[in-house]
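Please read the structure below before turning to the comments.
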Amino acid sequence: MTASSLESGSRGAGNKVGTRNVLAKIWQQDGPGYMFLLPWLIGFFGLTVGPMVTSLYLSFTDFDLLTDPNWVGASNYVRMFTADPKFAAAMRVTFFFVIFSVPLKLAFALLVAMLLNRGLRGLPLYRAIFYLPSLLGTSVAIAILWRQLFAGDGLVNQFLANFGIDGPSWISNPRYSLWTLIVLSVWQFGSPMIIFLAGLRQIPQDMYEAASLDGASKFRQFYKITLPLLTPVVFFNAIVQTIEAFKSFTPAFVISGGTGAPINSTLFYTLYLYQEAFGFFRMGYASALAWFLLAMIAAFTAFSFLTSKYWVHYDD
Amino acid sequence: MTTEAHNLTVVGTESSKSRRRIISIVSHVILVGASILMLYPLLWMLASTFRPENEIFTSSSLWPSSFSIDSYIRGWNGLRVSFGTFFLNSFIISIVSVIGNVFACSLAAYAFARLEFRGRKFWFALMLMTLMLPYHVTLIPQYVLFLQLGWVDTFLPLLVPKFLAVDAFFIFLMVQFFRGIPRELDEAAMMDGCSAWRIYYKVMLPLSMPVLATAAIFTFLWTWDDFLGPLIYLNDMRSYTVQLGLRTFVDSTGESDFGGMLAMSVLTIVPVFVFFLFFQRLLIEGIATTGMKR
C-alpha cells in the first residue's frame with residue numbers, strides 16, 4: 001500500500017514534471033514568436049476582428065449611439081436598395097468617379113512613364129515633379145486649392161478668359177463638379193507612374209531590337225511587347241487605384257463643405273457613410289453601408305483575379 | 001554583298017541618330033510642358049499668399065506686383081485658436097505615430113520573417129487579408145469603443161492603434177525587407193547565445209535602417225495628411241490638427257479671407273515638401289518596390 005501510494009505519488013510528480021516540461025518546451029518553441037506578435041495580435045482582435053463582427057451585427061440593427069441596438073433583420077439592406085435615393089446617388093457618383101478617374105489616371109501614368117523610359121536626360125527631375133502631386137494630393141490644402149482653381153472667378157476661368165471663353169463655376173455646377181474631382185485624381189498620376197517605370201525597366205531591351213530588325217513598327221512593338229509584358233503591373237495598379245477611388249473621401253468632403261453638394265453630385269459613397277454615421281448617428285444603417293462597400297471591393301478584387309488569367313501575362 | 005549591307009546599316013544608323021535626336025527634343029518639350037501644367041497650380045498658390053488680398057482673384061501670373069506677408073499673419077490668427085496650436089498637435093500626433101508604427105510593426109515583422117512558431121503561416125495569411133480591408137467596416141465599433149473608454153477628444157484613438165500595428169501594410173513592407181537579410185547573421189548571433197530580443201534589436205534593426213526610414217517617413221506623411229480620424233475623434237478646437245484647422249478656416253472665414261486661407265494651406269504643405277526634398281529617393285524606391293498607393 002505504502003509502496004503503491006508512493007509509486008502513484010511519484011508517478012503524479014512525474015506527470016507534473018512532464019506537463020511542466022511540455023509547457024516549457026512549448027514556451028521555448030512558440031513563446032518568443034507570440035511575444036513579438038503580441039501587440040499585433042491585440043490590435044488584430046481588439047481593433048479589427050472584434051469591430052468587424054460588431055459592425056456586421058450592428059448592420060442588422062437600428063443602433064443610434066444613444067439607445068441600445070434593436071434587431072431589425074435585413075431592413076437596412078432592403079432600405080438601401082429600395083427606399084434611399086441618396087444611396088442611389090452616392091452609388092452613381094462613386095461608380096462614375098471610379099470608371100473615369102482610374103483608367104484616365106493609369107493612361108497618363110503609363111504614357112508619361114514610357115516617355116521617361118527612353119533614356120532621356122533629367123529623368124530624376126521629371127520623375128520628382130510628376131510625383132509631387134501624388135504626395136500632396138489627399139491633404140486638405142490641395143482640396144482648398146482645387147476649390148479655388150475651379151471657382152467661378154478661379155484660375156481656370158481666368159485662363160479661359162484669355163481666349164474669350166466665359167467658363168462656368170465648375171465647382172458649383174452639378175454637371176461639372178464631379179469632373180473637377182476626376183481631374184484632381186488624374187493630376188495625382190505620379191505613384192502609378194513610378195510603378196510603371198519600374199515595370200518598364202524589367203523589359204529586356206533586346207526584345208525591341210529583335211522586333212525592329214523584323215520591321216515591327218513602334219505601335220506594334222507597344223501592342224506586342226510592352227503591353228503584354230506590363231500586364232502584371234497594369235493589373236496591380238488597376239486594383240490598388242480602384243480600391244483607393246472607392247474609398248476617396250477628403251477632397252469631396254472639403255470641396256463640397258461636407259455635403260456632397262451641389263445636388264449630391266459629389267456625394268461619394270464614403271462621404272454618405274460619414275454623414276449617416278456621424279451626422280445623423282444612424283450607426284446601424286452606416287454599418288450596413290460599410291459592409292456593402294466591403295462586399296463591392298471584395299467582388300471587384302475577386303473578379304479581377306478570376307479574369308486575370310485571360311489577360312495578365314505571367315513569365316513563368 | 002557584305003559591303004552593301006554594311007553601307008546600308010551605316011546610312012540606317014545616321015538617319016536613326018538624327019531621328020532619335022528629334023524624338024528626344026519632342027519628348028523634352030512635352031515633358032517640360034506637362035511639368036509646368038502640373039506645377040502651375042502649386043506655384044500659383046504660393047505666389048497668391050504674398051499678394052495683397054484684392055489681387056488674388058485678378059491675377060493669374062506667378063509674380064506678385066507687390067510683396068506682403070500679411071496673409072500669413074492674418075491666417076495664423078484667423079481662428080479662435082492660433083495655427084501654432086494646430087501645428088504642435090499635428091507634430092505630436094505624427095511623431096508619436098511614427099514611433100508606435102515602427103516599433104510595433106517591426107516586432108510583428110520580425111516574428112513573421114524569422115521566428116519559428118506554430119501558427120505562423122496562419123497569422124501571416126490573416127495579416128495579409130487585412131491589407132485589403134476598407135477601414136469603414138471597423139470605424140463605427142472602434143468609435144463606440146473609444147467613446148466608452150472616454151478617449152474621444154484626446155489623441156489616444158489616433159495613437160494607440162499605431163502601437164498595436166493596425167496598419168498591416170508596414171508589417172508587410174518590413175517582412176519583405178527582413179527576408180532579404182542573410183540568415184547567417186542572426187544564426188551566428190543565436191549560436192553565441194543571443195536571445196530573440198537581442199537579435200531583433202542588435203542585429204535586425206541596425207541592418208534595416210532603409211526600410212525603417214521608409215516606414216517612418218510614410219507614417220509621418222500619412223498621419224500628417226489624415227483627415228477622417230481627427231475629424232471623428234477631435235471636437236475641441238484646441239486639440240485640432242492642421243488639417244482640421246484648415247477645414248474650419250474654409251467653413252468660417254474662407255470666403256472672406258482667401259489670402260489667409262491659402263497662406264495656411266501652404267504652411268501645412270511645407271513639412272510634406274521638406275520630406276519630399278530630403279527623402280525623395282527613399283520615397284520613390286519605396287513606391288517602386290512595394291507599389292504604394294500614394
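The chains referred to below are lettered A, B, ... by the order of the sequence lines, with proteins before strands, and numbering in each begins at 1.
- For a residue to count as touching a neighbouring chain, one of its non-hydrogen atoms must lie under 4.5 Å from one of that chain's; by this rule Leu41(A) touches chain B with the side chain only.
- Closest non-hydrogen pair, Lys247(A) versus Pro134(B), comes out as CD-CB, 3.9 Å.
- If you measure heavy-atom distances from Phe146(B) to chain A, the contacts under 4.5 Å come from the side chain alone.
- Rounding to the nearest 0.5 Å gives a distance of 9.5 Å between CD1 of Ile140(B) and OG of Ser59(A).
- Between Val242(B) and Val140(A), the closest side-chain pair of non-hydrogen atoms is not below 4.5 Å.
- With respect to chain A, the highest number of heavy-atom pairs below 4.5 Å among Tyr200(B), Trp224(B), Phe276(B) belongs to Phe276(B).
- In this structure, CE on Met38(B) lies 13.5 Å from OH on Tyr126(A), to the nearest 0.5 angstrom.
- In summary, the aromatic rings of Phe249(A) and His136(B) are positioned with their centroids too far apart to meet the 6.0 Å limit.
- For chain B, no part of Tyr269(A) is nearby; none of its heavy atoms comes within less than 4.5 Å.
- Between Asp225(B) and Leu136(A) there is no side-chain heavy-atom pair separated by less than 4.5 Å.
- Residue with the most contacts toward chain A among Arg114(B), His28(B), Arg247(B), Met132(B): His28(B) (heavy-atom pairs, distance under 4.5 Å).
- Less than 6.0 angstrom separates the ring centroid of Phe112(B) from the ring centroid of Trp40(A).
- Contact count versus chain B (heavy atoms, under 4.5 Å) is highest, among Phe253(A), Phe196(A), Phe63(A), Phe44(A), for Phe253(A).
- Between Ile297(A) and Leu133(B) the shortest side-chain heavy-atom distance does not fall below 4.5 Å.
- To the nearest 0.5 Å, the span separating CH2 on Trp44(B) from CD on Gln158(A) amounts to 7.0 Å.
- Across Glu116(B), Arg281(B), Met127(B), Arg120(B), the residue that shares the most heavy-atom pairs under 4.5 angstrom with chain A is Met127(B).
- Interatomic distance, Leu107(B) CG to Leu37(A) CG, rounded to the nearest 0.5 Å: 9.5 Å.
- For Thr301(A), the part lying near chain B is the side chain, with the backbone staying farther off; criterion is any non-hydrogen pair under 4.5 Å.
- Nearest approach of Ser27(B) to Leu115(A), heavy atoms of both residues: OG-CD2, 3.7 Å.
- Contacts between Tyr274(A) and chain B at a heavy-atom distance below 4.5 Å involve the side chain alone, from C-beta outward.
- In this structure, chain A has a heavy atom under 4.5 Å from the side chain of Thr130(B), while its backbone stays farther away.
- In terms of non-hydrogen atom pairs under 4.5 Å with chain A, the most contact-rich of Ile30(B), Ile171(B), Leu126(B) is Leu126(B).
- Between Phe278(A) and Tyr143(B), a ring centre-to-centre spacing shorter than 6.0 Å is recorded.
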Q: Under the side chain to side chain contact (heavy atoms under 4.5 Å, CB included) rule, what do Leu145(A) and Leu42(B) come out as? Steps first, then yes or no, please.
A: CA-CA 8 Å; Leu145(A) 169 64; Leu42(B) 296 171; 4.1 Å; yes
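- For Tyr57(A), no part lies under 4.5 angstrom from a heavy atom of chain B.
- Only the side chain of Pro133(A) has a heavy atom closer than 4.5 Å to any heavy atom of chain B.
- Residue Met52(A) qualifies as enclosed at atom CE: its count of foreign heavy atoms under 6.0 Å is above 12.
- By number of non-hydrogen pairs under 4.5 angstrom with chain A, the leading residue of Phe273(B), Phe275(B), Phe227(B), Tyr135(B) is Phe227(B).
- With a threshold of 4.5 angstrom between heavy atoms, Leu294(A) approaches chain B through its backbone and through its side chain.
- Proximity to chain B (any heavy atom under 4.5 Å) is shown, for Ala290(A), by both the backbone and the side chain.
- Proximity to chain A (any heavy atom under 4.5 Å) is restricted, for Leu147(B), to the side chain, taken from C-beta onward.
- Chain B forms more heavy-atom pairs under 4.5 Å with one residue of Val254(A), Ile243(A), Leu293(A) than with any other, namely Leu293(A).
- Only the side chain of Leu115(B) comes within contact range of chain A, with at least one heavy atom under 4.5 Å from a heavy atom of that chain.
- Between the OG1 atom in Thr54(A) and the CG atom in Leu145(B) there is a gap of 9.0 Å [rounded to 0.5 Å].
- Contact annotation for Phe246(A): neither backbone nor side-chain heavy atoms come within less than 4.5 Å of a heavy atom of chain B.
- For chain B, the nearby parts of Leu47(A) are the backbone and the side chain; heavy atoms of each come within less than 4.5 Å.
- Side chains of Leu228(B) and Thr270(A) form no contact here, defined as non-hydrogen atoms less than 4.5 Å apart.
- Neither the backbone nor the side chain of Ala109(B) comes within less than 4.5 Å of any heavy atom in chain A.
- For chain B, the nearby part of Phe45(A) is the side chain; its heavy atoms alone come within less than 4.5 Å.
- A donor-acceptor contact shorter than 3.5 Å is absent between the side chain of Gln280(B) and the backbone of Ala128(A).
- The aromatic rings of Trp197(B) and Phe36(A) are tilted relative to each other, their planes meeting at an angle between 30° and 60°.
- Put simply, of Thr268(B), Ile232(B), Val160(B), the one with the most heavy-atom pairs under 4.5 Å next to chain A is Ile232(B).
- Contact count against chain B (heavy-atom pairs under 4.5 Å) is highest for Pro51(A) among Gly122(A), Gly50(A), Gly43(A), Pro51(A).
- The heavy-atom pair separating Pro32(A) from Ala196(B) by the smallest distance is CB-CB, 4.2 Å.
- Within the 4.5 angstrom heavy-atom criterion, no atom of Leu56(A) approaches chain B.
- Heavy atoms closer than 4.5 Å to chain A are found in both the backbone and the side chain of Val137(B).
- Contacts between Phe163(B) and chain A at a heavy-atom distance below 4.5 Å involve the backbone alone (N, CA, C, O).
- Proximity to chain A is absent for every atom of Phe103(B), based on heavy atoms less than 4.5 angstrom apart.
- Neither the backbone nor the side chain of Leu289(A) comes within less than 4.5 Å of any heavy atom of chain B.
- Neither the backbone nor the side chain of Met264(B) comes within contact range of chain A, judged by heavy atoms closer than 4.5 Å.
- Using a 4.5 Å cut-off between heavy atoms, Trp123(B) touches chain A through backbone and side chain atoms alike.
- With values rounded to the nearest 0.5 angstrom, Thr250(A) atom OG1 is found 8.0 Å from Gln243(B) atom CD.
- In terms of heavy atoms, Phe117(B) sits closest to Gly33(A) at CD2-CA, 3.5 Å.
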